[in-house]
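Encoded as structure tokens, the structure appears first; notes follow it.
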Amino acid sequence: MSKNILLISSSPRQQGNSDILCDAFMQGAEKAGHATEKIRLAEKHINYCTGCCSCIRGGGSCVQKDDMAELHAKILAADVLVLASPVYFRTYNGQMKTFIDRICPIYSMIRNKDVYFIISAAGGRLPVNSTVESFRVFTGCLSDIREKGVIAVTGVWDEGGVRGSKTVQQAYVAGANA
Ligand SMILES: Cc1cc2nc3c(=O)[nH]c(=O)nc-3n(C[C@H](O)[C@H](O)[C@H](O)COP(=O)(O)O)c2cc1C
């Protein structure tokens, strides 16, 4: 069955390692007949959550008029969510956190989805593990979420350093099996 796969890529880099892994995942998924869309947060205008809580009192919509509304619709429509981030100080980056906070208006409506995490780190397993845990804290706030996989590259600092590594192939295979 063809699935609707939404990738959220938070690296600000043009040739981000995590973004390259997103592309490989997408190629595999498309080969398998799935519909994919990648959102690069760096190309979107997403303000911080102001904590006004009108979305909670007012039933699911945010008072801010920026690009997040279109992302809400895409998240709810997706069968599979892929959250991709570089490690910044042992967790996902601020762009991803801002995106996650702005999910507040719809978080209780997000249910029955497969989720993958894509992570790139200059260090080793330790920063990846803490980032995975941070992602899990978020997905643990949602309903009926099935974590299907973690695709992580370690030891890459430079932009594009992941190219040619086995993790790119792993991302492709994960996408093909999504
Ligand atoms: C502000 C900042 C903080 C970082 N913190 C960590 C860290 O705690 N652990 C680590 O392994 N790498 C850290 N890195 C390195 C990035 O995770 C690494 O360069 C990664 O490959 C970037 O992914 P991207 O190309 O997808 O943006 C940091 C990089 C920046 C810019």
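In this text, all values refer to a predicted model and were calculated from it rather than measured experimentally. In what follows, every heavy atom counts, from backbone to side chain, and hydrogens, waters and symmetry copies are set aside.
- Residues Ile118 and Leu83 have side chains not in contact (no heavy-atom distance under 4.5 Å, counting atoms from C-beta outward).
- At least one donor-acceptor pair closer than 3.5 Å links the side chain of Asp67 to the backbone N or O of His45.
- Put simply, the side chain of Asp19 never gets that close to the backbone of Ser11: no donor and acceptor are under 3.5 Å apart.
- Panel note: side chain Arg111, backbone Ile145; no donor-acceptor pair is recorded below 3.5 Å.
- At least one side-chain heavy atom of Val128 sits less than 4.5 Å from a side-chain heavy atom of Thr154.
- A distance-only check finds a donor-acceptor pair linking the side chain of His72 to the backbone of Arg102 [under 3.5 Å].
- To the nearest 0.5 Å, atoms CD1 (Ile119) and OG (Ser130) are separated by 8.5 Å.
- Between Ile106 and Ile75 there is a side-chain heavy-atom pair separated by less than 4.5 Å.
- A donor-acceptor pair under 3.5 Å links the side-chain atoms of His34 to the main chain of Ala178, judged by distance alone.
- Using a distance-only test at 3.5 Å, with no hydrogens or angles considered, no donor-acceptor pair links the side chain of Thr36 to the main chain of Glu30.
- Proximity of Tyr116 to Glu147: side-chain heavy atoms (C-beta onward) are nowhere separated by under 4.5 Å.
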Checklist entry - What do the steps show when you test Cys104 against Cys55 for side chain to side chain contact (heavy atoms under 4.5 Å, CB included), and what is the final call? => result CA-CA 7 Å; Cys104 192; Cys55 62; 4.0 Å; yes

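- Considering all non-hydrogen atoms of both residues, Pro12 and Ala42 come closest at CA-CB, 4.1 Å.
- Between Lys44 and Asp66, none of the side-chain N atoms (NZ, or NE/NH1/NH2) sits under 4.0 Å from a carboxylate O, so this pair counts as no salt bridge.
- Of the listed residues (Tyr92, Phe135, Phe138), just one forms a ring pair (Phe, Tyr, Trp, His ring centres under 6.0 Å) with Phe117, and that residue is Phe135.
- Atom-to-atom distance recorded for Lys74:NZ and Glu37:CD is 3.5 Å, nearest 0.5 angstrom.
- Side-chain atoms of Arg136 and Val132, non-hydrogen and from C-beta on, do get closer than 4.5 Å to each other.
- Side-chain N or O atoms of Arg40 include one that pairs as donor or acceptor with a backbone N or O of Arg13 at under 3.5 Å.
- Contact record, Leu71 with Phe99: CD1-CE1, 4.0 Å, taken as the closest heavy-atom pair.
- Residues Ser120 and Val87 are not in side-chain contact: their nearest non-hydrogen atoms beyond the backbone lie 4.5 Å or more apart.
- A donor-acceptor pair is defined here as one N or O able to donate and one able to accept, closer than 3.5 Å; such a pair exists between the side chain of Gln64 and the backbone of Tyr48.
- The distance between the ring centers of Tyr172 and Phe25 does not fall below 6.0 angstrom.
- A salt bridge does not link Asp144 with Lys113: none of the charged nitrogens is closer than 4.0 Å to a carboxylate oxygen.
- A donor atom on one side chain and an acceptor atom on the other are found under 3.5 Å apart for Arg146 and Asn112.
- Residues Val63 and Cys52 are in side-chain contact: their nearest non-hydrogen atoms beyond the backbone lie under 4.5 Å apart.
- Between the side chain of Asn4 and the main chain of Val80, no donor-acceptor pair closer than 3.5 Å is present.
- Using a 4.0 Å cut-off between charged nitrogen and carboxylate oxygen, Lys3 and Asp79 do not count as a salt-bridge pair.
- For the pair Leu41/Ile46, a side-chain contact is recorded, criterion being any heavy-atom separation below 4.5 Å from C-beta on.
- Residues Ala32 and Ala176 share a closest heavy-atom pair of CB-O, 3.3 Å.
- In this structure, the side chain of Asn93 engages the main chain of Met96 through a donor-acceptor pair within 3.5 Å.
- For the pair Leu6 and Ala78, the tightest heavy-atom approach, listed with the atom from each and the gap, is CB-CB, 3.8 Å.
- In this structure, CG in Leu21 is found 6.5 Å from OG1 in Thr167, a value given to the nearest 0.5 Å.
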Item to check | Audit row: Val162, Val168, side chain to side chain contact (heavy atoms under 4.5 Å, CB included) steps and yes/no | outcome: CA-CA 7 Å; Val162 72; Val168 175; 4.0 Å; yes

